[in-house]
There are 2 protein chains.
Amino acid sequence: MCLCNWFSPCVSANYWNIAAARGIGKLRKQNPKASKPVTSRQLAALIGVSQSAVSRAFTPGSSIAAPLRDRILQSAREIGYQPNAIASMLTTRRTNIVGLVVSDMSNPFYPALLEQLTQGLQRVGLQTLMFNITPGANIEEQLVAIRTYNVDAVVIISATVLNDRTLAWATEGRRALLLNRLGHDDIMTVCCDNTAGARCLVDHLYETGRRRIGYVAGLTKSAIGMTRYSAFTSRLAELGMRLTGTTSQEIYSYDAGWAGALELIPQKPDAIFFASDILALGGLDAMKQAGVAREIAAVGFDDIPMSGWPGYSLTTYRQPIEKIVDKTVELLTVAEPGPTRLHALPGELVVRASTAIEPRSAAALLPLAP
Amino acid sequence: MCLCNWFSPCVSANYWNIAAARGIGKLRKQNPKASKPVTSRQLAALIGVSQSAVSRAFTPGSSIAAPLRDRILQSAREIGYQPNAIASMLTTRRTNIVGLVVSDMSNPFYPALLEQLTQGLQRVGLQTLMFNITPGANIEEQLVAIRTYNVDAVVIISATVLNDRTLAWATEGRRALLLNRLGHDDIMTVCCDNTAGARCLVDHLYETGRRRIGYVAGLTKSAIGMTRYSAFTSRLAELGMRLTGTTSQEIYSYDAGWAGALELIPQKPDAIFFASDILALGGLDAMKQAGVAREIAAVGFDDIPMSGWPGYSLTTYRQPIEKIVDKTVELLTVAEPGPTRLHALPGELVVRASTAIEPRSAAALLPLAP
DNA sequence: ATGAAAGCGCTAACAT
DNA sequence: ATGTTAGCGCTTTCAT
């Protein structure tokens, strides 16, 4: 066995000590009344079978006669025995825990994804250990538990700032999966089909008569941001539409959308393409404030709940959260994930009022170019 | 030892089987290349000390000479040894895992709380195991892992629908804490001071000249809902203001706020008190739609990010998330939590444009009643 | 202060 | 199909 670990985990010892020194150790110390749970050995003794029999009764597919198994399960229920997952982890070296790494919940898209994901994992018996990393501080220190807790798989959501070295360190020896984050060809990736989405939104703008389009980007250097933008520009070119201007504050936020819209308004686009809904909402408010909301259409990307609110009513491309979750669960649970690394799932165009306004140029509603 | 478990855990066996039958067992099976991590025994052998010495080196306060400890930690760092948390769980019966039970993330208030909470716990070395329960299905089945994984503490957020029996079952033998949920005097509870908040908002309405107030409730039967409402009504009475009407859809949502506002508008209030921000946002949009936004003021409760957006600019009472997290972490980590069960932390009035409009009744801005 | 030895509650290989 | 046995990697007495 190779003892040399070529990553230098500048973490371990130090962190361990810090944590324990803060008095966490006491969390369970007191509480002597906490009668220890029944063990399989006790249950076995009680009904006069071997301890292994109990273990087998709780292990599907193990060779045990149905009557015996039922008898064991029955008395287990009666005396309240439940297998101790910790102990089984130690022998099987499997935890059934998925480490979920997130870094920013301020975008309203993520709560919905998170909610459905944890439920989806739970449905197949996987637990979710949350890692909410603060970009500034020592990332590996924040993620030690991924290794010390023997997490079976790691799911990384969003534009989490993990460099390649940290990523490799965190995922070493376990299944890893990127959600809505591109750019790592060696790691399984599940995301919405950003190219199809952006093209589809441009098509819709074309069909509703817009020709002069502005673009408000989020993170321009992220692979997702680049994918959306290049799909946008190439479709624009294909349809002979005009890009009036591009801007970015390098963040997906309401305020960035507001600022971006204000910046593009002077160029008199008939529509602004926002790289995400949260940008678009800020942009819509800015456009209302500037009095051009009835002249400039807007589209977003994600379909967060607020986009459907009457105050915004934003046309957008809905991320297929359910499909994303299903695919994620599948990739995590199936024995052999197959060679495909990138799974880009189709979303859905959601047309709302933000593109229902009269186009300024009043261009004829030409059919789509072939 | 008492083997009788007076709860009937209708769960265990069944769930265990279901889960495993779905093929979770395979999640880690393949991956033979996963070189097993270094163990304390290997490290000990390598540097010629006993295995206990290694254990002690990583246990603060244990009797070990500083030079030896440093030597061990040093080589641990070099060969990449990290203590296996699973193994230590088995002997210490402590996991340093907090089970976080949530049931609804659609209210934008929770993501922020969740984010700060997981970070706060992480800062003191506690991991967060997420339980996102679906109200309909068998709750205990969704929470088995709280027991089988030996979670040290349980934090329950929000109006999670757990009946007393399930609550006791889930928290038995571990520290438990309710966040933003009242009504269980035997369980530690941390929440915002709802009474102070509601009174403070009424005071603000009074000071800005409103006298006829409507109330849009969320969940009228929840303890929090009742607290806010009764603080509201009693302060109203104290100040001699008029309650023009009350309504509720029994849910905290944008749509419910919209419907609630429409219902109250005919009664011509000068202000509507919404039991939460998400209700208020729906209400504001409804009032704009109805053309009465410049006549009826609005206040909410929580201060979610959207409330600060220019399109809404909602006056509200900000929940002290940071204080809530700090108190939670303290209660979970301190040795003896003390006798106080309910910790109601003061929030903060945030005045915005939704109460800056001219009051309809144009009542003189009387000083507050004593 | 250090080392040796006995488990923690389970799984899995080996018997029968 | 069932029982016996040997660990999983650590913590914790108990010696020294």
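Labels below follow one simple rule: chain letters A, B, ... track the order of the sequence lines, proteins then strands, and each chain is numbered from 1.
The 5' end of DNA chain C is approached more closely, in terms of each residue's nearest nucleotide, by B/Arg41 than by the other of A/Thr91 and B/Arg41.
Considering only side-chain N and O atoms, B/Ser55 lies under 4.0 angstrom from the phosphate OP1 or OP2 of D/dT11. Dashed line: the shortest gap from a side-chain N or O of B/Ser50 to OP1 or OP2 of C/dG3 is under 4.0 Å. Taking side-chain N and O atoms only, A/Arg93 has a distance below 4.0 Å to OP1 or OP2 of D/dG9. Within the structure, a side-chain polar atom (N or O) of A/Tyr81 is placed less than 4.0 Å from OP1 or OP2 of C/dC10.
Remark: A/Leu178 engages A/Ile156, A/Arg181, A/His184, A/Ile187, A/Thr189 in a side chain to side chain contact (heavy atoms under 4.5 Å, CB included) (not counting sequence neighbours). Partners of A/Glu330 under the side chain to side chain contact (heavy atoms under 4.5 Å, CB included) rule, at least two apart in sequence or in another chain, are A/Lys327. For B/Arg341, the side chain to side chain contact (heavy atoms under 4.5 Å, CB included) partners are B/Met188, not counting sequence neighbours. Partners of A/Thr118 according to the side chain to side chain donor-acceptor pair (under 3.5 Å) rule, which considers only residues two or more places apart in sequence or in another chain, are B/Asn132.
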Could I get a table of every N or O pair under 3.5 Å where one atom is in the protein and the other is in nucleotides 13-16 of chain C?
unit_1: C/dA13; atom_1: N6; unit_2: A/Arg56; atom_2: NH2; d: 3.3

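Recorded end-axis angle for the helix from C/dA1-D/dT16 to C/dT16-D/dA1 stands at 40°, based on five pairs per end and rounded to 10 degrees.
No close placement of the A/Phe131 and A/Tyr149 rings is indicated, their centers lying 6.0 Å or farther apart.
Heavy atoms of B/Val49 sit under 4.0 angstrom from primed sugar atoms or phosphate atoms, though from no base atom. At a threshold of 4.0 angstrom between heavy atoms, the contacts of B/Leu68 are confined to the sugar-phosphate backbone, with no base atom among them.
Distances were taken from every side-chain heavy atom of B/Ser63 (C-beta onward) to each of C/dA1, C/dC8, C/dC10; the shortest belongs to C/dA1. Out of C/dG3, D/dC10, C/dC10, the shortest distance to the side chain of B/Ala87 is found at D/dC10. When each of D/dA1, D/dC8, C/dT11 is scored by its nearest atom to the side-chain atoms of A/Gln51, the top-ranked nucleotide is C/dT11.
Once rounded to the nearest 0.5 Å, the distance linking CG of B/Leu121 with CG of B/Leu332 reads 6.5 Å.
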Task: Residue pair B/Gln74, B/Arg77: steps toward the side-chain hydrogen bond (donor to acceptor under 3.5 Å, both in side chains) verdict - done: CA-CA 5 Å; B/Gln74 174 57 29; B/Arg77 209 167 299 123; 3.3 Å; yes
